[in-house]
Amino acid sequence: MLARGGLRRKAPRLLSVSAMLVAGLCLLPVIYLLVRCWEMGSDFWPVLFRSRTAIILWNSVSLAAAVTVSSALLGVAIAWLTVRTDLPGRSFWSVVTCLPLVLPSYVGAFAFIAAFGPHGMLQQLLAPWGVTRLPSIYGFGGAWWVLTIFSYPYILLSVRAGLRGLDPSVEEAARCLGRSGPQVFREIILPHLRPSIAAGALLVALYTLSDFGAVSLLRYDAFTRAIFIQYTGALDRGAAAVLALLLVGLTLMILYGEYKMRGRARYYRPSAGTMRRQPLVSLGAWRWPLVGVLSVLTFISLGIPISVIVYWLVQDPDRWLHLWQSVDMTLNSVTASGFAAAAALLAGIPVVLFAVRYPSRCARWVERSAYIGHALPGIVVALSLVFFGIRWGGIFYQSFPMLIMAYVVLFLPLSIGNLRAVLLNVSPRLEEAARTLGQTPRGALWTVTLPLLKPGAMTGMSLVFLTSMKELPATLILGPTDFQTLATRIWSATEEALFARAASPALILLLVSGLSVWLILHHENSGHT
Amino acid sequence: MLNRRQWFLVLVVMLGVLAAGRILWMGRSSEGPEVVVYSGRSQDLILPLLEQFTQETGIRVRARYGQTSEMASTILEEGRRSPADLFFAQDAGALGVLARHGRLDPLPKELAELVDPRFRSPDGTWIGLSGRARVLIYHPDRVPADSLPEQLRELCDPYWRGRVGWAPANGSFQAFVTAMRHTDGESAATEWLTCMRRNATREYANNTSIVLAVAAGEIDVGLVNHYYLHALQRSRGQELNLRNHYPEEGVLVNVAGIGMLKTAPNRDAAESLISFLLSESSQRYFADKIFEYPLAAGVEPHADLPSIQTLRTPDLDLNRLDDLERTLRLMESIGLF
């Protein structure tokens with residue numbers, strides 16, 4: 001039911017203050033960038049108006065748009081197949097289709113090149129048939145494909161959560177009014193999924209803007225490359241800041257666009273009562289062909305990277321030793337990512353409650369600031385926290401809490417996006433009912449709203465967890481000295497071309513992350529809505 | 001009484017506290033002397049050396065690893081409050097940048113003079129510990145030895161059209177171009193890059209992918225550092241049918257070097273680590289384990305490599321490799337980025 005929102009109320013002081021504190025934390029990188037740009041003085045403009053700046057900006061924008069659209073198509077289709085149809089092996093596919101998320105892009109893109117690159121595995125397979133050249137994977141096409149494969153799970157996960165929260169009675173009503181299956185999907189399901197799709201799409205778009213690993217390996221001239229060149233080549237923090245600030249501007253434009261598109265609709269059920277079980281759509285003759293399509297997709301996105309890692313592992317003569325040595329790093333990775341997930345949830349809840357329940361201009365800006373860190377390359381965020389941490393952080397500088405803080409700045413949107421999509425489906429009437437039954441506002445929050453946020457919270461936490469497991473620059477720069485994670489281990493070994501040594505930590509990373517995806521979906525399936 | 005769910009929550013929280021405690025405990029500095037290193041060289045390369053050092057001296061080494069540029073940016077960003085004592089860089093350029101920003105202190109003479117003057121800063125702010133030569137890797141079946149160029153500039157001959165690989169985004173390659181700009185002049189460097197580009201030179205992300213591409217037959221020769229071949233062979237445990245060509249007319253030897261920060265809190269420990277890294281055994285490690293050129297006087301390189309005395313290196317102060325920005329702008333202007 002798309003009902004118009006309730007009365008404007010003033011947010012409780014505690015809520016608005018904590019939401020603004022979170023927003024302030026997320027704005028630290030922007031403040032840092034402004035300081036660095038200010039120091040540039042008159043050098044600011046030439047960097048901004050170089051002709052290349054416009055070209056690479058266009059490259060990044062078009063890539064982000066293409067990846068977002070294709071990820072949305074893929075994500076919605078797979079979510080519908082795995083939640084609402086009688087697809088054979090539904091629960092298996094539910095887990096497997098989310099797994100590409102656990103692959104770091106520096107491993108994924110590498111495997112992709114090994115498989116489809118010139119003289120790669122595919123070409124060698126086709127060689128007996130006289131195929132000597134494959135279409136080039138470098139440039140826009142390859143980057144588009146790789147980023148889509150590795151980021152569609154963002155949309156898939158949020159759409160799954162949205163789809164499960166959908167009351168079938170609305171669809172039945174539409175059916176009774178004579179709508180066909182496809183019509184119901186188009187007119188009822190899709191509009192209701194809009195917040196979930198928008199939440200996921202926003203994450204994909206911002207991730208694509210900030211990605212460096214895939215675009216550099218696939219030689220696509222994206223905007224982040226220019227920022228990295230300033231840091232790595234020139235060690236020029238000023239010019240890098242100018243470019244990064246441009247990225248912030250672009251992010252704000254995307255957020256504004258999303259805000260306009262999202263509309264002001266509410267999506268909650270107007271009536272009381274429990275949701276009935278959702279009926280499954282029969283796929284009929286399409287069942288097995290669709291399984292085939294999913295198999296191919298899974299083979300490309302998971303099968304190939306895993307084979308490459310296993311191949312490395314087999315090549316490693318000391319694999320048992322390396323697996324044993326990875327235990328320590330695994331503990332580090334899991335602890336840091338677990339805390340990041342919990343912290344991002346704690347920081348996300350006030351922001352989302354503030355923005356959704358008490359909409360105002362201020363609340364909108366609070367929510368937008370939370371997204372900025374995700375669109376900036378990790379090194380920009382890390383250096384900005386160095387800037388503040390070394391001055392005012394005291395003993396917290398380069399400590400474990402500081403690293404968690406960096407993860408929150410980087411990945412908060414992953415938690416917010418999913419919480420928001422779920423909260424939109426929770427009627428404020430429920431809280432009001434709790435109030436009339438004698439609950440205090442805080443009591444209503446604890447007993448009604450927060451428990452209902454659980455599916456979104458779980459999805460958000462798992463996304464933050466998985467992404468933190470892969471994070472590199474902030475971990476290297478801000479982690480405690482001598483702090484090693486699986487990701488830093490993999491990176492360090494691949495830097496020296498010691499691929500065999502990277503295999504054990506890479507495999508453990510995949511196993512741990514895969515296990516957590518499985519746990520989350522298992523939890524989801526066991527009936528908690 | 002707690003129900004099952006609440007027990008589960010309590011368990012999760014307790015595990016979390018334990019895990020966080022473990023990491024926080026790890027960060028606590030124990031008693032005794034220590035030295036803090038920001039390393040642009042990866043842990044895989046230098047950890048064995050650092051452990052050896054701790055064993056011999058009892059000084060604890062606290063190392064932070066990352067890309068050279070990341071670590072240099074961090075040091076610049078930290079300013080005078082930096083906790084770091086030493087900056088261990090993958091290339092001379094980054095050391096040059098820190099020296100230019102006045103962040104490095106001159107090293108004691110008796111340490112600096114252990115290294116050939118070609119491979120240290122004239123003002124003594126940093127020294128090279130090991131050297132990497134820019135060579136041409138080639139596939140001997142597809143490239144006869146007599147057709148190999150005497151200098152890398154010849155690669156823009158039509159004979160090499162489409163057969164060469166390079167990695168413009170790679171730091172070593174950029175340092176090589178910077179060196180060429182200084183030795184041959186701006187216009188010669190521009191001309192060479194343009195010519196190479198027109199000659200359909202293929203772009204790769206890094207040195208390793210070039211070596212793999214030559215091995216796979218994708219290209220015939222590639223511009224790389226000399227040790228990638230040896231390292232790859234060792235990690236694969238097999239001989240690759242590839243060779244390094246050291247051009248007679250001049251081989252750029254860039255260094256991985258070390259400098260002490262002006263603000264270093266543990267100067268004595270830092271000096272003893274540098275002197276340990278220049279010792280015979282450490283230098284042998286660079287030579288034998290990672291195939292780099294040892295730079296302390298009197299230590300010979302790995303048997304597979306030509307001696308560094310026979311290599312003709314360009315007459316260039318390696319500090320000038322810090323001038324990377326102009327190289328990047330030049331490369332940008334001809335569309336190499």
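The sequence lines fix the lettering, A, B, ..., with proteins before strands; numbering per chain opens at 1.
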Legend entry - Top contributor to chain B contacts, counting heavy-atom pairs under 4.5 Å, from A:R391, A:R489, A:Q398: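 Among the listed options, the one with the most contacts to chain B is A:Q398.
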
Legend entry - Closest-packed option against chain B by number of heavy-atom pairs under 4.5 Å, given A:V334, A:T475, A:T488, A:L331: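 Of A:V334, A:T475, A:T488, A:L331, A:L331 has the most heavy-atom pairs under 4.5 Å with chain B.
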
Closest approach of [X] and [Y], non-hydrogen atoms and distance?
X: B:R81; Y: A:I390; value: CD-O, 3.1 Å
X: B:A20; Y: A:T335; value: N-CG2, 3.8 Å
X: B:Q67; Y: A:W491; value: N-CH2, 3.7 Å

Inset, instruction - Determine, stepwise, if the pair A:Y397 / B:E78 fulfils side-chain contact (heavy atoms from CB on, under 4.5 Å). - result: CA-CA 10 Å; A:Y397 182 62; B:E78 286 173 340; 2.4 Å; yes

[X], part contacting chain B, at a heavy-atom distance under 4.5 Å:
X: A:R36; answer: side chain
X: A:F388; answer: neither
X: A:L383; answer: both
X: A:L478; answer: backbone

Legend entry - With sequence neighbours excluded, residues passing ring-ring contact (aromatic ring centres under 6.0 Å, His included) with A:F400: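 Residues passing ring-ring contact (aromatic ring centres under 6.0 Å, His included) with A:F400: A:F339.
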
Inset, instruction - Quick one: which of B:S82, B:A63, B:G66 has the most heavy-atom pairs under 4.5 Å with chain A, could you say? - result: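 When all of B:S82, B:A63, B:G66 are compared, B:A63 has the most.
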
Inset, instruction - May I ask you to name which of B:V37, B:L76, B:I290, B:V61 has the most heavy-atom pairs under 4.5 Å with chain A? - result: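 That would be B:L76.
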
Legend entry - Step-by-step side-chain contact (heavy atoms from CB on, under 4.5 Å) determination, A:D482 to B:R64: CA-CA 6 Å; A:D482 291 331; B:R64 174 176 302 280; over 6 Å; no

Inset, instruction - For A:I379 and B:E70, run side-chain contact (heavy atoms from CB on, under 4.5 Å): C-alpha distance rounded to whole Å, both residues' side-chain angles, the deciding distance at 0.1 Å, then the answer. - result: CA-CA 8 Å; A:I379 184 167; B:E70 273 171 4; 3.5 Å; yes

Legend entry - Sub-4.5 Å side-chain heavy-atom contact between A:S492 and B:L45: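 Sidechains of B:L45 and A:S492: no contact.
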
Legend entry - Value rounded to 0.5 Å, distance of CG in A:L476 from OH in B:Y38: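 Reported to 0.5 Å precision, the distance equals 12.0 Å.
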
